[in-house]
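To start, the structure under review is shown below, and the notes come after it.
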Protein chains: 2
Amino acid sequence: MPKLGMEPIRRSALIKATIAEIGHVGTLEVTVSRIAKRAGMSSALAHHYFGSKESMFLAAMRHVLTLYGAEVRGALAAADSPEGRALAVIRASFSPANFRREVISAWLNFYVLAQTQPKARRLLAVYQRRMVSNLRHALRPLLGAQAGKVAHSIAAMIDGAYLHAALGHDAPDATAAAEQVEEYLTLALSMESRA
Amino acid sequence: MPKLGMEPIRRSALIKATIAEIGHVGTLEVTVSRIAKRAGMSSALAHHYFGSKESMFLAAMRHVLTLYGAEVRGALAAADSPEGRALAVIRASFSPANFRREVISAWLNFYVLAQTQPKARRLLAVYQRRMVSNLRHALRPLLGAQAGKVAHSIAAMIDGAYLHAALGHDAPDATAAAEQVEEYLTLALSMESRA
DNA sequence: TTGTTTATTGACTCGTCAATCAACAAAAAC
DNA sequence: GTTTTTGTTGATTGACGAGTCAATAAACAA
């Protein structure tokens, strides 16, 4: 049966299965066997391609970040004003894709992992820096020297509102969460007159 | 040797050891044996008093929330103005106690647990509601009908800023995080004039 | 004194799981 | 046509861990 060139296919299937499984269990307490079964192969093969469970996790996290990054980039490209760019970053963060059960799980567990895994922490730092950098760049023409500070605040609020929406009592309301942050943005921009 | 009345002492020791161990490992992948050893007893005794690992976790979470709640209540009692009350809630959330390694770990893992454990989720909802309620009550005299909305935003920003501070690239800077939220509060209050 | 409740543990059961390995199969290279 | 590379798995290893249990012992009650 061995068709050649299986490696990328298998890896991709395993990454998707890892995310799905984390979403299903909620924790990182998922077994390689389960992931492999979901991806339609033996656990031995999973080890063959990834070497360890840990590196499967990291690959999965990288994948989530890549998707998110692509979404942000797409939204930024479609924006045509500074304010539009800031809104793009905010809205991309609250897209339906980010509220799928697996993605929420991945993020929460990513935070846990980032405490102790240097690689996970570095990955998270990259994501955070990029988000702040995008926001600062969008806000600079509008807020000048204060752009940096406001960018950090918006970044924090995005993550906080995401957390609240994802873990709130009722079903997550992404739209409401996005509006919360957008209102803050409006507020901050309206202070531009006080200079 | 059996001195009577050991139960509360043992339970308390186990709860503290659970939190310490979670902080040490970073994950909920801690063993009952390790926790028990840290608390100076056999794992069998831990099971005797708590029945299961899960209920140990919940007790530990409840303990963290209790400490945090007490801190907030104390800060609120010392405040004498509406704005002072809002500041009290914010500052209590960024107290040094909340940035101890174990407490950060507990919170992050709490989030993960809240996805799937109904009891954990309920506990988290109680905490979130109380925080919003405290903020709304403080802001009502200053913002009237908009108090609710702003309270939610501040609550989100507190959690987001906490997350960023706890997992940021460098050592956590609680003061900077608190100031971030305080500035948002100031901004929101300064809009009171626009009515 | 005898029986009951509370405290305590070592030993054990039963299960799970990450990682390895030997072996087999097919394509590609030589 | 043989050797090497790539794909694949069942079986196994080795370790660890949650929860149970029987047994021991002190305090207390009758």
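Because the structure is a prediction, the values reported are computed rather than measured. A note on names: the letters A, B, ... follow the listed sequences, proteins ahead of strands, and every chain is numbered from 1.
Sorted by first and then second residue, the pairs that involve residues 63-81 of chain B and meet side-chain hydrogen bond (donor to acceptor under 3.5 Å, both in side chains), not counting sequence neighbours, are B/Tyr68-B/Ser93, B/Glu71-B/Ser95.
Under the side chain to side chain contact (heavy atoms under 4.5 Å, CB included) rule, A/Leu113 has a single partner from A/Leu123, A/Leu108, A/Leu124, A/Leu28, which is A/Leu28.
Taking every heavy atom of both residues into account, A/Leu14 and A/Met56 meet most closely at CD2-CE, 4.2 Å.
An OP1 or OP2 oxygen of C/dT8 is reached within less than 4.0 angstrom by a side-chain nitrogen or oxygen of B/Arg10.
In this structure, B/Ser43 reaches neither bases nor backbone, as no heavy-atom distance under 4.0 Å exists between it and the strands shown. Heavy atoms of B/Ser42 sit under 4.0 angstrom from at least one base atom. Within 4.0 Å (heavy atoms only), A/Phe50 reaches no atom of the nucleic acid at all.
Separating the CD atom of A/Glu29 from the C1' atom of C/dC17 is a distance of 12 Å, rounded to the nearest angstrom. In this structure, the CD atom of B/Glu7 is 9 Å from the P atom of C/dT6, given to the nearest Å. Whole-Å rounding puts the B/Arg34 CZ to D/dA15 C1' distance at 14 Å. Between the C1' atom of C/dA18 and the CD1 atom of A/Ile35 lies a distance of 11 Å, rounded to the nearest Å. The CG-P distance, from A/Leu45 to C/dA19, rounds to 15 Å in whole Å. Whole-Å rounding puts the A/Phe57 CZ to C/dA19 P distance at 10 Å. Rounded to whole Å, atom C1' of D/dT8 lies 12 Å from atom CE of A/Met6. A straight line from CE of B/Met56 to P of D/dG19 spans 10 Å, rounded to a whole angstrom.
Comparing C/dT8, C/dT20, D/dT20 against the side chain of B/His47 picks out D/dT20 as the nearest. In the set C/dT6, D/dG19, D/dT6, the nucleotide with an atom closest to the side chain of B/Lys53 is D/dG19. Side-chain proximity of B/Tyr49 to D/dA18, C/dA27, C/dT8: nearest is C/dT8. When each of C/dC17, C/dA19, C/dT9 is scored by its nearest atom to the side-chain atoms of A/Thr31, the top-ranked nucleotide is C/dC17. Closest to the side chain of B/Met41, from the set C/dT9, D/dA18, C/dA7, is C/dT9.
Residues A/Val30 and A/Ala44 both approach DNA chain C. Their nearest nucleotides, taken by heavy-atom distance, put A/Val30 toward the 5′ side.
Using the six-membered ring where Trp is involved, B/Tyr162 and B/Phe99 have ring planes that are tilted, between 30° and 60° apart.
A donor-acceptor contact closer than 3.5 angstrom links the side chains of A/Ser105 and B/Gln115.
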